[in-house]
Undergrad: 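Below you'll find the structure I mean.
Since the model is a prediction, treat every value here as computed from it, not as a measurement. These numbers come from the heavy atoms of this one structure, side chains and all, not from hydrogens, waters or symmetry mates. Labels below follow one simple rule: chain letters A, B, ... track the order of the sequence lines, proteins then strands, and each chain is numbered from 1.
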Amino acid sequence: MKESKLYSDKSLFRTGQLLNLNPELYTIWNFRRDILTNFKFKQIPDTDPLKKTAALHKLIISELQFVQAKLSQYPKCYWIWDHRRWCLLNDSQSDWKHELDLISMFFQADSRNFHAWQYRRFIIQCYKDSLSSEDARIQVDWDEFKFTTKMINKDISNYSAWHNRSKLIEKLFIGSSVLKDDNDVYLQVFNAKDKLKFLRKELDLIKTAFYTDPDDSSVWIYLKWLFGDYYIKDLPKNESRKLLEDTIKDIDELNELETEDNGFDNQWCLKSDLFLLKSLLKLLPKDDSSESWKERVDTICDKLIQLDPMRKNKYREHKLQIATES
Amino acid sequence: MAASVDTTLRRPSMAERRPSMAERRPSMNTRRPSVIPHLAGIEDPVFPSTPEDCDVLICGTGLVESILSAALSWAGTNVLHVDSNPYYGDTTATMTIEQIKAWCHNVNLNTPGFHGFAKALMYIPRPAKLNSRDYSIDLTPRLLFAKSDLLSLMVKSRVYRYLEFQSISNFHTFENDTFGKMSSSKEEIFTDQSLSLATKRSLMKLMKFVFEYDSEGNKQLMAEFGPTPFLKFVNDKYKLSDAQVNELCFTLGLAPTPDISTLAALARIRRYLISFNVYGSFPALYSKFGGPGELSQGFCRSAAVAGATYKLDSPIKSYDPSTQKVTFRDGTKVNVAEKVVCSASQAPEGAKNVPERKHQVNRLITIVERSCKEWFNEGESASVVVFPPKSLDSMNNYPVQVIIMGAGSGCCPAGQCIWYLSTIEKDQRGRKDLESALKKMEDSILRESEDGGFDVDLTEDDVIVRPDGSLSVINSVKLGKSFKEFAPKEKLTYLFKLMFTQFTSIDPLDSHTGAPSTTSFDDNGKNSIPGPDQGILYSQMPSTEISYDGVLAEVRALYTKIVGSDDDFFDVDFEDDDENSSPSGPPAGGVGAAAGLQDESAIIDEDGEEFKDEMDFEL
């Protein structure tokens, strides 16, 4: 039918039937869109532009209802989310707030559904585009940032929330300072563009998180992002150094507790230490003061070779690098 | 003269009984009358005489016996279910004030039908203020954990439809003159600013261990420490304060004694944690209008649907295992083809084989003229308070457990509240602990009550700053601490106070699993002593546990004794009549819990009501 371009109500009905059976058939979703564009949309009389948008809106709404029913059944199917996006983009009267409500319902069922998070970013972007003032757009980002805090508090293992947070932080630092809320420390640092102060504050949160659950990968991965180039290259060298040293100390304290209880080191602690130490070494002058840090790297690598034999060659390579540098 | 008092008290007029479940929730709206027979016959038997034959005769309509009756009836057994009292519930009854007055009298006279209870002491200072039928007082109040065998059975057997459930999320621990509530979820631990980082870590570790203690990797550890005392185990392995350990063990775990083993305590704490978020952010439920008394009525009703015959006010006199005939006190006789099961409380006069009841629970039930809403979570009308060992002036050795039921539970009028205190401490000592706990509760409610005209202004200290910088007000219960000095200006008004001792064969240490003690089931009368009850199978009296856990295990054990195995226990396909007809809406005041039971997949959102029909997640 697709090849013969048989666009009719009957084919539309058939695609619906097929998708009810299996929503993973992306060809059918494509065909459905073909039918809608080439047949259903064209059926709308062209006479009155106002009437036309209204009729199109109505058509899209009914299609959205179908999509929603499918999503509820299969909340993790790429093509359905895709189709929903397509529908909204084809309608000039899309209701973004309504979509956000829908997303929060999906979060109630599964707050870590990354499809829903991805979709949320898309909706937020659309919503921001529909706003005329820059202030309003920044406000949206700020609200989203607060939303990630809420979701992280609910479940620190929500990697999608941490990820979204990192994306928003970048936006909030770029945006012009216009938001007012005297009580909120985060907002103050965003307004002042004070990356250092932000990092200090964020590290407090992270510290609480990794103490709450030392085996949670999402927290450690976020930590890695915090100490990525985004911040480090903007901060004065001595400040970066101090931050790194402090954080390494915190992680070491946690690892001591972990080792005491479990009888062996916590791998996440060691791996994060290794990552931070490497950044630290880059900042240090090549003199004797770096030697003790290098020894630390060496011991950590030895421990990791034991604990994580799958990646032993990676750690050997680290050891070699450190050795050749000195 | 004593005899005449006896009969008038034993037979309260029908106007005196509580509104029955059938009156409250008529089944006719939602079901075809052909499926559920008219209930007038159950409430007030119209049978001209008792049937002459049955397979199993059950005496006593307590919860255990009622579930057993339903299980046997649905398996096709011809059950005759009788009770020596004119009301349902036996040892687990839910009663009006007048009924409980009569009950006290009978307990103190040691009347057959009331065995297993002793030394009932009652005090009603203002009888005119109490309208008897406005109250539903449980002899053995219990909570239903959201993830428990009994709840699953009620859903499967559809008995839950006869009942209304409400959530209970406040589990407080009394410590240093205040009621504290612990951070027990990952979210709470993460955001709680009062915990140090090391404590957060320790708490989370213990919580994780609670879920994993029976895994393969922990086998060796549990083999070594499982039977050892839990309190020592936790103190050695985790760096937690005594207050936190108390909360975990006695409040979340509802452990009845500090001697509890590591294995039992972990099982109990896990019960709480896995029940959380099953139907919402609360761990347990209770049935409206009364607890086990309501449930037993529900199961009796289910048994009646399956064909069981009911007869109240029919005490048995004797059983002859050779002729398999039971003689009732009024002289009628019944042939019992299989087995006679009897509640220990209703043993015939001169009984020789009643299982030994060496364990005790002391109970104190009061009705106070306060709403006590300060102690409830928003939208709820009940809470639990536990006084850990050594927290009372009486230096209690065992915890005192309290269930608080407000007017919203349908058990008392507005502006009043029922407090159920209990402890496994024995005799005078136990009663002293209960009085001591009652005093603390009185002080606390007077201090915190808004009814007392004390207006509380929030200051900055009463607000928590969350990690994200936002503010939230501390649970009002915690305000107790800052008003410790506030001297009560007025005394609390008690409307009702009842203290009594109950005996049971179930060891408090086993009460959550209900492992039947070996002495209480005599095999087919082989070991039983000649007497009017030779060959009778006894149930063990309600356990000391304040949850329903263990009840079903006892029923299964009895069922196995009668049938041979419990393979077909409630093995009935109830997916019958109204598969597609929607229930008549969530019951009023269900606080989401009832709605969750009706349709577990419905997701209700403030803004998203309109999506309800489409949303159908596989959760």
Side-chain angles (χ1 to χ4, degrees), chain A residues 65-76 97-98 100-110 113 145-157 181 183-188 201-202 204-216 219 250 253-254 257-258 260-262, chain B residues 183 185-209 212 217-218 221 236-239 277 280-281 460 463-472 592 596 600-619:
Chain A
Q65 273 162 2
F66 171 72
V67 174
Q68 189 168 323
K70 291 292 99 196
L71 273 181
S72 325
Q73 277 175 294
Y74 309 96
K76 292 206 169 176
K97 291 267 186 207
H98 172 97
L100 287 177
D101 289 344
L102 180 77
I103 293 167
S104 44
M105 292 183 59
F106 278 92
F107 282 156
Q108 264 187 19
D110 177 6
N113 185 342
F145 178 82
K146 284 194 288 189
F147 178 73
T148 62
T149 312
K150 190 178 125 197
M151 296 305 272
I152 288 166
N153 280 344
K154 264 194 192 149
D155 181 6
I156 57 168
S157 309
D181 182 351
N183 278 330
D184 201 297
V185 185
Y186 274 119
L187 199 60
Q188 286 164 9
K201 179 133 182 61
E202 198 69 348
D204 276 347
L205 179 73
I206 286 263
K207 197 169 146 186
T208 316
F210 63 59
Y211 263 89
T212 306
D213 189 352
D215 297 315
D216 193 304
V219 181
D250 287 338
E253 273 169 18
L254 172 65
L257 289 172
E258 284 283 294
E260 198 180 299
D261 284 349
N262 304 335
Chain B
S183 302
S185 69
K186 199 170 174 181
E187 176 185 2
E188 284 167 353
I189 294 171
F190 178 60
T191 53
D192 191 335
Q193 299 269 294
S194 68
L195 300 173
S196 76
L197 289 178
T199 310
K200 279 178 198 239
R201 181 176 158 276
S202 258
L203 261 181
M204 272 306 293
K205 262 183 76 98
L206 183 54
M207 297 288 181
K208 270 192 190 170
F209 185 67
E212 292 166 355
N218 288 320
L221 186 76
D236 291 353
K237 301 256 168 196
Y238 299 88
K239 289 176 198 75
N277 270 342
S281 56
E460 250 178 23
V463 166
I464 299 177
V465 182
R466 302 243 170 229
D468 61 350
S470 69
L471 302 174
S472 76
E600 288 170 44
S601 57
I603 292 176
I604 298 156
D605 185 70
E606 282 177 327
D607 316 313
E609 222 61 75
E610 60 202 280
F611 304 126
K612 212 157 80 186
D613 293 332
E614 286 107 40
M615 299 301 277
D616 186 19
F617 285 100
E618 295 286 327
L619 285 170

Undergrad: Measure the shortest side-chain to side-chain distance between Asp215(A) and Lys208(B) over non-hydrogen atoms and say whether it is less than 4.5 angstrom.
TA: yes
Undergrad: Measure the shortest side-chain to side-chain distance between Asp261(A) and Arg201(B) over non-hydrogen atoms and say whether it is less than 4.5 angstrom.
TA: yes
Undergrad: Non-hydrogen atoms of chain B under 4.5 Å away: do they reach the side chain of Glu202(A), the backbone, both or neither?
TA: neither
Undergrad: Going from NZ on Lys205(B) to OG1 on Thr212(A), what distance comes out if it is rounded to the nearest 0.5 angstrom?
TA: 13.5 Å
Undergrad: Where on Glu258(A) is there a heavy atom nearer than 4.5 Å to chain B: the side chain, the backbone, both, or neither?
TA: both
Undergrad: According to salt bridge (Lys or Arg N to Asp or Glu O under 4.0 Å), who are the partners of Lys200(B), at least two apart in sequence or on a separate chain?
TA: none
Undergrad: Name the region of Asp216(A), side chain, backbone, both or neither, that has any atom closer than 4.5 Å to a heavy atom of chain B.
TA: side chain
Undergrad: Let me confirm one number: the OH-CG distance from Tyr211(A) to Leu203(B), rounded to the nearest 0.5 Å.
TA: 15.0 Å
